[in-house]
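It should be emphasised that the depicted structure is a prediction, and the values quoted were computed from it without experimental measurement. Here is how names work: the chains are called A, B, and so on, in the same order as the sequence lines, proteins then strands, and each is numbered from 1.
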Amino acid sequence: MRIEDLAKKNGQTAQIQGWVANKRESKGLVFLNLRDGSGIVQCIVSADNIDEKLFQEIASLGLESSLEIAGKVVQDERQIGGYEIHVDEAKIIQNVSEYPIANKEHGAEFLMDKRHLWLRSRRQWAIMRVRNTIIFSIHNFFQKEGFVQMDAPILTANACEGTTDLFTVDYFENEAYLSQSGQLYGEAMAMALGKIYTFGPTFRSEKSKTRRHLAEFWMIEPEMIFCDIFQNMDVIEKFIQHVVAEVLAKNEKELNVLDRDLEPLRSVEKSFTRLSYDQAVQILKGQEKVNGQSTLDLIQKELQELKEEKEKLEMDNEERQHIITKGGIKKGKLAFLQSTIDKQKQRIKQIEEDQRNLPQWLESAKNFAYGNDFGGSDETVLTKMFDVPVMVYDWPHEIKAFYMKRNPDNPKFARGVDLLAPEGYGEIVGGGERETDVEWLKEKIIEHKLPMEEFEWYLDLRRYGTVPHSGFGLGLERLVSWICKLHHVREAIPFPRMYGRIEP
RNA sequence: GCCUCAUUAGCUCAGUUGGUUAGAGCGACGGACUGUUAAUCCGCAGGUCCCUGGUUCGAGUCCAGGAUGGGGCGCCA
């Protein structure tokens with residue numbers, strides 16, 4: 001049976017199949033932390049209960065050895081799942097020695113090289129379970145709202161928006177590309193089915209080395225007919241609230257493993273901040289305050305806090321080092337001090353990086369030139385001003401994609417919308433209302449220097465029964481990252497594909 | 001493509017103004033211990049100091065170039 005169902009067998013005999021997640025020994029006793037993918041349970045093997053030879057074998061098991069055990073399920077408050085098993089029978093499938101991932105801190109590169117094994121660890125287990133809830137609740141939401149799930153092609157002939165770098169593949173001796181967005185196809189499908197959403201992989205060959213970029217990621221792209229930018233924003237808000245609520249309801253245990261502060265997630269149920277581009281620029285440049293605070297105040301406060309934290313960490317470490325050098329302390333205490341120092345040093349490195357970045361970000365925000373697109377740092381600065389997600393709409397049309405609809409009251413602006421996640425996670429949704437007029441679209445295609453003949457089918461959507469419509473794209477891994485508060489999107493997908501890495 | 005930081009044992013890291021035989025903790029391995037939660041205690045093994053060249057009586061340490069990785073910018077979800 002599965003470890004997560006052990007409560008049903010309290011006081012009875014249960015059989016578990018799994019791997020050794022951790023082991024402790026004592027004379028005549030072995031404590032095995034067994035994991036089976038559904039949970040972890042401590043199993044106690046006593047020399048009194050089992051024959052001598054088997055006991056010795058169990059005592060010699062290495063981490064990630066696989067085995068089957070059977071024994072009595074006993075309630076015990078101290079245990080992770082609330083139960084432990086007193087083992088009567090055991091069958092070893094494989095005794096493993098020298099499992100590469102130790103029960104301690106490791107660096108990112110090492111763990112990425114061991115990604116196929118790293119997935120077994122508790123933290124990764126929790127992330128993947130939250131990812132699963134998110135995927136499921138995305139389908140739930142759209143199905144409940146009457147959307148039809150349809151897939152856009154992955155192989156495409158043209159570069160769509162023409163801006164980003166795409167992966168090329170050989171397509172029967174011709175060049176084709178891996179799709180960077182299914183949106184144009186989504187529009188065609190919406191004209192047929194009314195409300196649709198795509199859910200599939202997306203590819204970008206940009207050489208980005210940041211914590212929020214992947215070369216291959218999963219994107220959800222809904223498209224809705226008779227929907228304007230404001231109704232679009234209503235859907236985005238309702239949709240994100242639904243997903244977050246589902247995770248809060250189903251993954252308390254997992255969020256706990258991740259040590260996730262739940263307050264920022266709970267505040268998502270409040271309505272999101274909506275800013276026009278003009279308002280957002282004012283705030284960004286420090287010309288408008290939010291809750292009595294300007295971006296300048298915010299960054300300076302943060303820099304001051306970082307400085308104080310760093311000084312404190314350095315003093316603490318010096319003290320710890322002093323205790324170690326003085327000697328005469330127990331080995332366990334020593335190990336603890338040493339590992340604390342290691343951990344604090346990593347944090348100090350992070351602080352130093354932030355200290356290098358923040359002033360640049362402030363500079364960039366202060367000198368932001370009206371009319372430009374927001375940079376990653378600008379988004380971060382802006383979202384730090386609010387405790388709920390922020391939607392920015394009505395962007396200068398020059399910086400947005402060719403298919404964006406103009407604001408009829410002020411054609412300077414295109415009706416795009418970006419959703420910026422709180423806590424510095426930046427853009428997780430990008431979308432908008434689509435242009436409906438075939439002549440406007442043609443003009444834009446020429447302006448963007450795109451091959452007109454490749455867009456003839458797309459223009460047909462406006463020639464034959466054009467209607468107002470809107471949609472958006474959500475980056476799954478970015479959403480997972482924010483909800484789990486991950487340091488990097490690479491932890492949000494089982495096998496990340498990113499610049500400089502295609503293995504394992 | 002640009003900027004920045006790093007690379008020392010299986011892992012995480014020390015290594016002083018350049019100076020004899022390069023260290024610690026964890027892990028692994030061997031042993032002790034009958035209720036442990038990263039158990040504890042004793043013992044043992046483990047090194048191409050990223051690569052190439054230079055400066056020097058002498059380089060893990062200084063200089064130049066390169067490789068790889070972290071982070072940021074651009075671009076985006």
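- Here the side chain of A:Arg490 is nearest to one of B:rA77, B:rG35, B:rG71, namely B:rG71.
- Distance from the side chain of A:Phe217 is smallest to B:rA77 among B:rU37, B:rA77, B:rG74.
- Checked against B:rG35, B:rG71, B:rG69, the side chain of A:Glu109 finds its nearest nucleotide in B:rG69.
- Checking B:rA28, B:rG70, B:rA77 against the side-chain heavy atoms of A:Lys209 singles out B:rG70 as nearest.
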A:Arg123 and A:Asp259: CA distance, side-chain angles, deciding distance, salt bridge (Lys or Arg N to Asp or Glu O under 4.0 Å) verdict: CA-CA 10 Å; A:Arg123 185 179 156 80; A:Asp259 210 13; over 6 Å; no

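- Contact check, A:Arg478 against B:rA77: no side-chain N or O comes under 4.0 Å of OP1 or OP2.
- Heavy atoms of A:Asn372 sit nowhere under 4.0 angstrom from any nucleic acid atom.
- Nucleic acid contact for A:Gly426: none, since no nucleic acid atom lies under 4.0 Å from a heavy atom of the residue.
- At a threshold of 4.0 angstrom between heavy atoms, the contacts of A:Arg122 with the nucleic acid are absent.
- Note on A:Asp418: nothing from the nucleic acid sits closer than 4.0 angstrom, heavy atoms only.
- At a threshold of 4.0 angstrom between heavy atoms, the contacts of A:Val489 with the nucleic acid are absent.
- Comparing B:rC29, B:rC75, B:rA39 by their nearest atom to the side chain of A:Asn22 picks out B:rA39.
- The residue A:Asp48 sits close to a base: some heavy atom pair falls under 4.0 Å.
- Counting non-hydrogen atoms under 4.0 angstrom, A:Trp361 reaches the backbone sugars and phosphates but no base.
- The closest side-chain donor-acceptor pair between A:Gln124 and A:Glu491 falls under 3.5 angstrom.
- Note on A:Ser377: only backbone sugar-phosphate atoms sit closer than 4.0 angstrom, heavy atoms only; bases stay farther off.
- A:Glu84 comes within 4.0 angstrom of a nucleotide base, judged by non-hydrogen atoms across all strands.
- At a cut-off of 3.5 Å, with distance as the only test, a side-chain donor of A:Arg24 or A:Asn33 sits close to an acceptor on the other residue.
- Side-chain N/O atoms of A:His106 and base N/O atoms of B:rC11 include no donor-acceptor pair closer than 3.5 Å.
- Residue A:Arg211 is in sugar-phosphate contact alone, with no base atom involved, counting any heavy-atom pair closer than 4.0 Å across all strands shown.
- The partner of B:rA67, taking Watson-Crick or G-U wobble pairs whose two distances both stay under 3.5 Å, is B:rU7.
- Ion pair A:Asp76/A:Arg78 flagged as a salt bridge, since at least one NZ, NE, NH1 or NH2 atom sits closer than 4.0 Å to an Asp/Glu carboxylate oxygen.
- A:Gln79 comes within 4.0 angstrom of a base, heavy atoms only.
- Phosphate proximity of B:rC75 to A:Arg212: absent, as no side-chain N or O sits under 4.0 Å from OP1 or OP2.
- Here A:Phe31 lies in heavy-atom contact (under 4.0 Å) with a base.
- Across all strands shown, A:His487 has no heavy atoms under 4.0 Å from either base or sugar-phosphate atoms.
- Distances were taken from every side-chain heavy atom of A:Phe110 (C-beta onward) to each of B:rA77, B:rA39, B:rC11; the shortest belongs to B:rC11.
- With both pairing distances under 3.5 Å, B:rA24 is matched to B:rU12 as a Watson-Crick or G-U wobble pair.
- B:rG1: Watson-Crick or G-U partner is B:rC73, with both key distances under 3.5 Å.
- Residue contacts shown for A:Ile428 are limited to sugar-phosphate atoms, with no base heavy atom under 4.0 Å away.
- Both A:Lys207 and A:Asn33 lie near RNA chain B, and the one whose nearest nucleotide falls closer to the 5' end is A:Lys207.
- For B:rU56, there is no paired nucleotide, since no Watson-Crick or G-U wobble pair has both relevant distances below 3.5 Å.
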